[in-house]
Protein chains: 2
Amino acid sequence: MTEGTYRGKPRVTAASIAVHTGLSRATVTHVLNGHADEQRIRRETQQKVLEAARLLGYRPNASARALHTGKTGTAALIQSLSAAYLPERLLLGLTEALSENNMYLTLAEVPDAVLDDRSYLPKILREHTVDGLIINRIVDIPDSFIEEVNRLNTPVTFLNVNRPWDAVYPDDFNGGRMAANYLIGLGHTRILYLGSYVNCPLHYSQIDRRDGYREAMFQAGLQQRELLLPADPPTHIEALNDKRVQVMRTYLENTPYRPTAIVAYELAEALAVLHAAHQLQLRIPQDLSLAMFHHHMDFRLCVPVTTFCNGMHIVGREAVSLLLQKIDTPGVLVPSRMVPIELIEGATCSPPTG
Amino acid sequence: MTEGTYRGKPRVTAASIAVHTGLSRATVTHVLNGHADEQRIRRETQQKVLEAARLLGYRPNASARALHTGKTGTAALIQSLSAAYLPERLLLGLTEALSENNMYLTLAEVPDAVLDDRSYLPKILREHTVDGLIINRIVDIPDSFIEEVNRLNTPVTFLNVNRPWDAVYPDDFNGGRMAANYLIGLGHTRILYLGSYVNCPLHYSQIDRRDGYREAMFQAGLQQRELLLPADPPTHIEALNDKRVQVMRTYLENTPYRPTAIVAYELAEALAVLHAAHQLQLRIPQDLSLAMFHHHMDFRLCVPVTTFCNGMHIVGREAVSLLLQKIDTPGVLVPSRMVPIELIEGATCSPPTG
DNA sequence: TTGAAAGCGTTACCAC
DNA sequence: GTGGTAACGCTTTCAA
């Protein structure tokens, strides 16, 4: 018996079609793969094959093809379970670009413990399942992990990490400069950079945005001011009396020469500003301008906060393009690509009054 | 030559190990698959095999295994490109549960156009690439699409859609009741249900939450009040003068016997309430209590809004469990599972004052 | 304990 | 134009 079964129904393979049409397997696959004309197969025969395929509900078996071609047609997105940064647009950019190349994205969350244990590799890396890996901003990737990955001989691209090779990430340094210069251009001189304390090693974006801000302020001959809010509230209870808003309010109340504009590292900091300002009856933007970094302009906030957008959609697409390049010509180091930050004007910035 | 090459380096297969150790292929795979003891293979031999595997950097080829077993070890998440609802916790629940069963999640976004064109099936459905499909809340799934999917003989689970079979979704009707009863329990009598107009067919959750609210109010002998905000602002310009907040404010200002509590359909509606209340100098919760539905308590808002949480993490896990069941015993209809809504108390609800 | 061999569904080369 | 056939890497049954 040459035909397997599935759920009681016969499994339809290329062979089934051959049997059904009375042709050979080769002829069938030639037609199915579009080599029909090249092989000068009769129109009539082609029709017969296609008709049979449709009739029988033939679906090619991807595993079999993969076994033969050596390509699975998938890329894996690897990220740490606890600290995943996966905005919808990033996901969209990745799947979209992969799909345009007839590939799929496979998700592989990695428990953090694994990253520390140098002897253990996650299953997706221990097997030969994907054509390439996209490693997404694993905080403080251990060298041992990178080493293991390199030994795999599988093409790898890094996402949202500022490595010199094989990475795609937003140009946050220039973003920081842009944000500061934008406010300077509006006439502000007392501009605060607002970040947060974190419990883990700094992400490059935390450094670069701030440094870009510093550079712009320096160039303009303005005094740099920086404030760090307490770390994000980890638990429910702490959220109830949000320390972060409190710190922000205290700062705005007590600082001599109160800033007239703020560059916020991310949405979380911007929200703290909005709340503190509300509590202090400071009007935005009349009394205080606010700009932030984020992956999109979030309309649901009801306040269109002027946003320096880190183009995650493009980051995703570029990452795929870089990965495909590495799959095509393996073994070469590709210079990293930076994606420009883009300003989306909102309603929270205006020239300083008074 | 029996060994293929990849990037100039020899490709390591089970055969390589056999050659390297001087054993047969079968012995090697027996050891590799843990059938060693069962096959009573010498300890010493086992060691030799494992050692060689480690040394050569052997990684089993998933395609080859899949070809033989008929299982690829992946499930596809199918969703419409435009209206994807993919909270992180849902994704986490899915990947987590799949990973516990040694499976992966493959993402397959489907352009909306495809859903309308009954003759066209997305690539992932046209091929035999995954063991099962998880179809996520595709707004208004056309019957023709369901029909096509059923013809595939591939196990399917639906997510966030209230179908009687093969679906997993939050119990939004009971959620609506819970929310209303919670506020009633606090002593409120003037409770508003707040939704939004939408441009597409209603999602079941929009109906069920409201109906649950209605039922609870009816049971308590209280008057039902409902307000629909204008549709979400689609463009930047419209966001600048947010109609939604305006409508909300007008309502709160002008309604006789202003509600003392509001049940909001989702975060977006809750934010409109928060902003309108601010503008009207209404204190929350003293002057106005607020509860909403969402997939988690969003701490970044700085206001811990009392949240009726739709347990997307569990929904994801249950969907996988249901899918696995369908993969194991194909062809049977499985009754859908509803996931209970869970209350997470915040700081926006209190007994009415005055 | 170990080895030989068949087969999974596709592809592609090489005869006819 | 068409039809054998080997190969991809793995699993599993059956002999030895």
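Just so we're on the same page: letters track the sequence lines, and every chain starts at 1.
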Any donor-acceptor pair under 3.5 Å from B:Thr95 side chain to B:Leu92 backbone: yes
Should B:Glu51 and B:Lys48 count as an ion pair when the cut-off is N to O under 4.0 Å? no
Looking across every strand, which nucleic acid part, if any, lies under 4.0 Å from B:Ala26 by heavy atom: base, sugar-phosphate, or nothing? base
Can you measure A:Glu127 atom CD to D:dC10 atom C1' for me and round it to whole angstrom units? 12 Å
How long is the line joining CG of A:Asn61 and C1' of C:dG9, in whole Å? 6 Å
Respond yes when some side-chain nitrogen or oxygen of A:Arg65 is under 4.0 Å from OP1 or OP2 of C:dG9, and no when none is. no
In whole angstroms, how far is the P atom of D:dT2 from the NZ atom of A:Lys48? 9 Å
Without swapping roles, check the side chain of B:Asp131 against the backbone of B:Ala75 for a donor-acceptor pair under 3.5 Å. no
Whole angstroms only, please: what is the CG-C1' distance between B:Leu67 and C:dT11? 12 Å
Using the side-chain heavy atoms of A:Ala64, tell me which of these nucleotides is nearest: C:dG3, D:dC10, C:dG9. C:dG9
Find the distance between OH (B:Tyr104) and CG (A:Leu107) and round it off to the nearest 0.5 Å. 11.5 Å
Base, sugar-phosphate, or nothing: which does B:Thr45 touch, judged by heavy atoms less than 4.0 Å apart? sugar-phosphate
B:Ser24 side chain near C:dG3 phosphate (N/O to OP1/OP2, under 4.0 Å): yes
Exactly one of B:Glu96, B:Arg89, B:Glu318 should register a side chain to side chain donor-acceptor pair (under 3.5 Å) with B:His313. Which one does? B:Glu96
Compare the minimum distances between each of C:dT10, D:dC10, C:dT2 and the side chain of A:Pro60, then state the nucleotide with the smallest one. C:dT10
The side chain of B:Thr27 lies closest to which of these nucleotides: C:dG7, C:dG9, C:dG3? C:dG3
Whole-Å distance between C:dC8 P and B:Arg25 CZ? 17 Å
Rounding to an integer number of Å, can you tell me how far B:Leu32 CG sits from D:dT11 P? 8 Å
Can you measure B:Ile17 atom CD1 to D:dG9 atom P for me and round it to whole angstrom units? 13 Å
Taken to the nearest whole Å, NE2/B:His68 to P/D:dC8 is 17 Å
